[in-house]
Amino acid sequence: MSLPVEEELPLSALLRQSTRDEHDAANSEQFIEELMSGALTRAAHADLSAQLLVVYEALEEASVAVRDDERGAGLVFNELTRVPAIERDLAYLYGPAWREEIRILPATRRYADRVREIGGSLPHYAAHSYTRYLGDLSGGQIVKRMMKQHYGLDEEGLAFYTFPDIPKVKVFKDAYRNELDQLDLDEDEVAATVAETHHAFHLNRAVFTELAEIHC
Ligand code: HEM
């Protein structure tokens, strides 16, 4: 008996295929559309950066645990680490007292809490890592261009979207997908990864909804 087509797909292709609609929906969130079209202000970009800090603090704490996982170690790449870059952006965008200035939204707390809750669970970590890092290396590069174009930013304030240790993004993304495909997850773990990736998109969208209430 042949397996259903989805189960024959490598994990990277399965995640891409199964989140296509989620991706389009995230992309069409009012906050994202208005931010990308230049309808908002630099404060909206700064607020998004602040939310990202809390999410990546949780994600990169989880990375430390996954690095020790025999199966997962290959999925943790130092060149993806984002927290120091976001901190530099926030210092530029809010000034030296940025830690007192930023405001973390309830949806952001929920997102970070979920990432902390899954801790070093490999299928769940893979879902969150995929959703954020592959997104940053893809759409993130378009966001960077638009932020420059519309909000008078140059490199400063956009370090989050810059990966100095990844000279060829396409080559890196292929290597990342290859690691996903080599994770050696069993059927239940693959299902958990797919489900958690959907959840990750929802958590992102909830942050955009709250940002829209403030900025749109
Ligand atoms: C500003 C809005 C966005 C734009 C313009 C955008 C654009 C893109 C583009 C063009 C790709 C394909 C890149 C390629 O073929 O290599 C992509 C991939 C991806 N994006 Fe987005 N994106 C946006 C928002 C998001 C959001 C909010 C998330 C989730 C938090 C996300 C997650 C992803 C992921 C995970 C991929 C990789 C798909 C794969 O190859 O498996 N994107 N994005």
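Just so you know, ligand 1 is whichever comes first in the structure, and atom 1 is the first atom listed for that ligand. Everything quoted here is computed from the prediction, not taken from an experiment.
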Using a strict cut-off of 4.0 Å, indicate which atoms of ligand 1 neighbour a heavy atom of R16. 15 (O), 39 (C), 40 (O), 41 (O)

Quick check on E29 - does any of its heavy atoms sit under 4.0 Å from an atom of ligand 1? no

G135 heavy atoms within 4.0 Å reach ligand 1 at atoms 20 (N), 32 (C), 33 (C), 34 (C), 35 (C)

Give a yes/no on ligand 1: does F208 have at least one heavy atom closer than 4.0 angstrom to it? yes

According to the interplanar angle, ranging from 0 to 90°, do the rings of Y56 and F160 count as parallel (below 30°), tilted (30 to 60°) or perpendicular (above 60°)? perpendicular

Measure the distances from the heavy atoms of N27 to every atom of ligand 1 and state whether one is below 4.0 angstrom. yes

Show the atoms of ligand 1 that are less than 4.0 angstrom away from any heavy atom in M36. 1 (C)

Within the side chain of E156, is there an N or O that forms a donor-acceptor pair under 3.5 Å with the backbone of D89? no

Ionic contact status for D174 with R177, cut-off 4.0 Å: yes

What do we get for Y130 next to ligand 1 when only non-hydrogen atoms under 4.0 Å count, side chain, backbone, both or neither? both

In ligand 1, the atoms that come under 4.0 Å of a heavy atom of I32 are 1 (C), 2 (C)

If we only count heavy atoms from C-beta on, is the Y130 to L11 side-chain gap below 4.5 Å? no

Electrostatic pair R71:E179 at N-O distance under 4.0 angstrom: no

For R177, take its heavy atoms, then give the atoms of ligand 1 lying under 4.0 Å from any of them. 16 (O), 39 (C), 40 (O)

Considering only heavy atoms of V143, which atoms of ligand 1 have at least one such atom less than 4.0 Å away? 1 (C)

For atom 24 (C) of ligand 1, what is the nearest protein heavy atom, given as residue, atom name and distance? H23 NE2, 4.0 Å

Test: R82 cationic atom under 6.0 Å from F163 six-membered ring centre, within 45° of axis: yes

Which label fits F77 and Y176: parallel for a plane angle under 30°, tilted from 30 to 60°, or perpendicular past 60°? tilted

Looking at atom 10 (C) of ligand 1, what's its closest protein heavy atom, distance included? I142 CD1, 3.8 Å

Quick one: sort the H23 and F201 rings into parallel, tilted or perpendicular, breaks at 30° and 60°. perpendicular

With nothing but distance in play, are any N or O atoms of T131 less than 3.5 Å from an N or O of ligand 1? no

Residue K173 vicinity, atoms of ligand 1 by number, heavy atom under 4.0 Å: 13 (C), 14 (C), 16 (O)

Atom 6 (C) of ligand 1 [closest protein heavy-atom partner, distance rounded to 0.1 Å]: G139 CA, 3.3 Å

With a 4.5 Å cut-off on side-chain heavy atoms, are L153 and R42 touching? yes

Do K144 and E155 meet the salt-bridge criterion of a basic N to acidic O distance under 4.0 Å? yes

